[in-house]
Amino acid sequence: MLEPAAPQLEPAFDAANQRVHVITHGCQMNVYDTHRILQVLGAAGWVETSDPTLADLVLVNSCSVRDRPEKKIIGTLSRMLPLKEAHPGLRFGVCGCVAQQHGESLLKKVPYIDIVFGPDRIADLPEIIAENRTGRRVAMTELDDPSDHAFLPVDPTVETGPSAFLTIMKGCDRFCSYCIVPYVRGRQVSKPAAVVVAEVESLVRVGVREVTLLGQNVNAYGKDRAGEPSFADLLARVAAVVGLYRVRFVTSHPADADDAMLDMFGSLPSLAKGLHLPVQSGSDSVLFRMRRGYDVARYMDRLARVRRACPGIALSSDIIVGYPGETPEDFEATMSLVQAAHFDSLFSFKYSPRPGTAAAKVKDDVPETEKAARLARVQSLQDSISARRMNGYLGSEEVVLVEGPSRFARVGGRGKLRTEVQGRTSTNVMVNFGIDRVAAEARGRLVRVRIDEVLSHSLRGTVISWEAD
Ligand code: SAH
Ligand code: SF4
Ligand code: F3S
């Protein structure tokens, strides 16, 4: 007869059926990384929960590009501290770019953070958790050597909708003066094109119809790896994948945006009609000090070229106001550029010094009130331009890729099935419309819709026809 096992004071940690709740800040790269975190944990038996009160691990996937990122993390986690009292097994973790930047010091500073790991350490997460369960708080933030960085393979089954992100490169070599990304994400490493294409094919097999290729500077794709195609050639290979309806990509850098890439918008039917081309400033002297590697004339030439290749393309951009030394005249030059460029949308930010960057060594001399006033002016100018561009959709016919039920979903009514669904135009504008079938049947389909109503950030329309699959 077996002896009964001795009672264990600390039950051995078993990952099976542990629950993780992830809060994602920052850019699409972090959204993509969150999927990889769920993939790695899923393989170890974890399940995702959208309810932090049910979680055994709460992770904040953080961003350090602006503002006070540490404060944001501490704010989020401190609000959840009562959950730790209710569930003593609950652990808090920080990953992403703030984790990479501060590493172990986050553990020292914030006593209730249990684990810290950087973007290159996602594959090590099961070991990090296991080590933490032995009672140690763990920080792991080594960046991979660019020569042997291995991208985590994509498990397409973690995708839940018809649209998916796909990282095609990591890091950035441009070192714009204000930007922390090269420090927290490391040097540029491109994913081999054959892997990119195979991953797109695997996504299409599970029903993905639109892929957004991700990189901090996708136009420099392949330049770090002998034998890889250019970004324009990679786009052509991805666009040729059968069953993929749309390809998008972010982010393009104006200095590296070559003619071949811009002209693709006129020749690849599945390349969605949208380009995000961050300009940052409309002043040549500010652009020079930002180390952006182009001037206003070159930037406007890029816009003109892509508009020639693809009339009606939706263009968007990023602006930083209040960069050190930005004079009122520099700022007026930015206003003129925004007026002339006629962007569909614009993301604008107040300059925020980032530790370790070149710009942080220069005095942050534009007062906060002036930054706020400049930001308000550029945003209000863009609001009127965006409104005009949105009004241009009225009465037009758009091909919409259906994502799923609309936020205002309503089903039924007078005995007839009526479902509200939402999807995006090729130019990436959200459209809501009613259909006479259940949302699941429409998801991932292309529908031709007439636009009847323009709201501030979305459109409403009526189905004209269903495109053939
Ligand atoms: N790789 C992209 C963008 C990376 S960060 C590119 O090259 O454009 C996204 C945006 O954040 C940038 O385009 C910039 O407008 C803004 N940004 C980056 N660092 C910033 C800082 N220190 N202060 C304010 N805004 C910043
Ligand atoms: Fe930052 Fe410049 Fe790289 Fe963009 S291109 S991530 S702004 S350093
Ligand atoms: Fe932020 Fe890191 Fe992306 S700093 S913008 S989450 S690469």
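As the structure lists them, so they are numbered: ligands from 1, and atoms in each ligand from 1.
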Considering heavy atoms of the protein only, find what lies nearest to [atom] and give residue, atom and distance to 0.1 Å.
{"atom": "atom 6 (S) of ligand 3", "answer": "Asn30 ND2, 3.3 Å"}
{"atom": "atom 4 (S) of ligand 3", "answer": "Ser64 N, 3.3 Å"}
{"atom": "atom 2 (Fe) of ligand 3", "answer": "Cys97 SG, 2.2 Å"}
{"atom": "atom 1 (Fe) of ligand 3", "answer": "Cys63 SG, 2.4 Å"}

* To do: For Asn217 and ligand 1, answer yes if some heavy atom of the residue is under 4.0 Å from a ligand atom, otherwise no.
  => no
* Whether Val181 lies under 4.0 Å from ligand 1, heavy atom -> no
* Would you say Met29 touches ligand 3, if touching means a heavy atom closer than 4.0 Å? -> no
If we only count N/O pairs under 3.5 Å, is [X] in contact with ligand 1?
{"X": "Asp318", "answer": "yes"}
{"X": "Thr251", "answer": "no"}
{"X": "Ser352", "answer": "yes"}

* Is Asp259 paired with Arg302 through a side-chain N to carboxylate O contact shorter than 4.0 Å? -> yes
* Asked: Measuring from each atom of ligand 2, which residues have a heavy atom under 4.0 Å away?
  -> Cys172, Arg174, Phe175, Cys176, Tyr178, Cys179, Val181, Pro182, Gln216, His253, Arg292
* Look at the aromatic rings of Phe265 and Phe249 and report parallel, tilted or perpendicular, splitting at 30° and 60°. => tilted
* Scan side-chain atoms only and decide if Tyr323 and Ser283 contain a donor-acceptor pair under the 3.5 Å cut-off. => no
